[in-house]
Amino acid sequence: MPALAPRNRPWQYQAVPRWVYVVAAAGALFVLVPLVGMVAKVNWGKFIPLITSPSSLDALLLSLKTASASTALCIIFGVPLALVLARAQFPGQRILRALILLPLVVPPVVGGLALLYTFGREGLVGRSLTVLGIDIAFSTTAVVMAQAFVALPFLVLSLEGTLRTAGQKYEAVAATLGARPSTVLRRITVPLVLPGLLSGAVLSFARSLGEFGATLTFAGSLQGVTRTLPLEIYLQRETDPDAAVALSFLLIAVAVVVVALTYRAPQQPARVPEPTEAAAP
Amino acid sequence: MTRIFRKPAAAAALLLTVSLAACSGGAAGTGTTAAPGSTPGLSGTLTVFAAASLKSTFTDLATIFEKDNPRAKVALSFDGSSTLVSQITQGAPADVFASADQANMAKLSDARLVEGTPAIFATNILTMVVPPDNPAHIKTFADLARPGVKVVVCAAQVPCGAAAKTDEAAAGVVVKPVSEELNVTSVLGKVTSGEADAGLVYVTDAATAGDKVKAIPLKLARPTVNKYPIAAVATSQKQALAKAFLTLVTGPAGRKVLRDAGFGTP
């Protein structure tokens, strides 16, 4: 069981120049004020009927379902990727890292197009899948793929950072005591970086929940099948701005709850209790 | 801007100032406002907000307008009509608004932001589009109701979706779409990429797509006709310039450009 960092540290240099607080406050307000502006627009009298309409509920359920599935995919593929990037050394590693992180900087619509031209009916891979009778486009699977595509880098980035900060001391010790690599991974590495993995997974979930562009381009939009909450919000905005605002508030609330429950400050890998050098920086 | 800033802070500050200036009002710094009435040449920058489906025609019309009025400039902004309406009601500096449907123009009228009465300057009807090789062998509107045919339409909340619903009802065709897209461009995209077997889009969209799609007319006795209204925005300080642009769009030159693109004209 990994212990949390001690609350009462002996003494730590913490002075932050005063002007930094000013700029930080401006930055925080820049993010918070628009949220307040939106909350002020919510029509509370109609809030419950608006968010419990069949189309809204379908969209919310679909969003939670697909974001969970995409987070699972991100963990399955992201953990090995982060391990390889942080621990292994091979030619082309830097290029691989840059390419894996590409979905972070590419507009989601471009990601959606890339998926379409790969897994679509006429796509590179999709053509063979169609022959096998597998059709991905316009299905919930396509939504999950679009979300995983944009969310994977968040998990890889977060976990790779944690792996590097955690170091390999304990792993090396375990190996000298005769543990096989898989045992080291299971008993030492994964427990050690669990907080990083968790925050990475939360980030991936949040990103999946908000996914819009890639889903729209790759999966389409049909109630209960591919129309997730962000797509429903965009559509409602056309005719019923009140409903769009209510759903936006719902989406933000879900995201806040998920993040608050699970996300901890980054860069704090759990330390295995270690009496001899517990307070060492 | 080509100058390279050594200090990022200076660059950021400038960027912030520029973007704030661009957001607020917009009237400042866009040249002299045309004096009303008898000035021989109109001048200044006219900001036109137009529906996305008007992109190519209004780009051409802006060029013609600038040629006719050498001291005037036209700044164009294209987006979904409802997006543009919410931008204008939130204070975006538009002088002219051209909508893809009357409902959105009505929203602007309700906000008392329309000068005078909007003029209908173009009409549009729906058509079927299929990939060039027509994989599902679509021939008639009724073919869209066949099981297994992947049809993509607009969602009923957007004008092209509302029109599709009405046309389906009129023809007695029950289409079960695989996707109800948020705008007509997405419908077209799903067909050009070969993802869908057929889609319902405006005839002008089909014309824009060229040989990437094959258009098959719906052949309805009374198709739903989508009407495009245009009007000057009431808060605009450039009514003379706006009026001149409206005259161009609704006049013979405007009609020619619009007809060439596949629009109907009133």
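Naming convention: chains lettered A, B, ... in sequence-line order (proteins, then strands); numbering from 1 in each chain.
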Sorted by number, residues from residues 197-215 of chain B in contact with chain A (heavy atoms, under 4.5 Å): Asp197(B)
Contacts of residues 97-113 of chain B with chain A (heavy atom under 4.5 Å): Lys107(B)
With a 4.5 Å limit on heavy-atom distance, are the side chains of [X] and [Y] in contact?
X	Y	answer
Pro135(B)	Arg121(A)	yes
Leu182(B)	Leu216(A)	yes
Phe138(A)	Lys190(B)	yes

Cys160(B): partners by disulfide (SG to SG under 2.5 Å), with sequence neighbours left out: Cys154(B)
Full working for side-chain contact (heavy atoms from CB on, under 4.5 Å) between Glu180(B) and Arg227(A): CA-CA 9 Å; Glu180(B) 295 169 357; Arg227(A) 189 175 294 152; 3.3 Å; yes
Options Leu116(A), Asp240(A), Thr226(A), ranked by heavy-atom pairs under 4.5 Å with chain B, top entry: Leu116(A)
Short side-chain to backbone donor-acceptor contact, Ser179(B) and Ser221(A), under 3.5 Å: yes
Atom group of Gln223(A) that falls short of 4.5 Å from chain B, counting heavy atoms: neither
Proximity breakdown for Ser81(B) and chain A, heavy-atom pairs closer than 4.5 Å: neither
Val187(B) portion near chain A, given a 4.5 angstrom heavy-atom threshold: neither
Contact list for residues 134-158 of chain A, test side chain to side chain donor-acceptor pair (under 3.5 Å), sequence neighbours left out: Thr66(A)-Gln147(A), Asp135(A)-Lys150(B)
Ser82(B) versus Glu238(A), side-chain donor and acceptor atoms under 3.5 Å: yes
Within 6.0 Å of CG in Leu99(A), more than 12 heavy atoms from elsewhere: yes
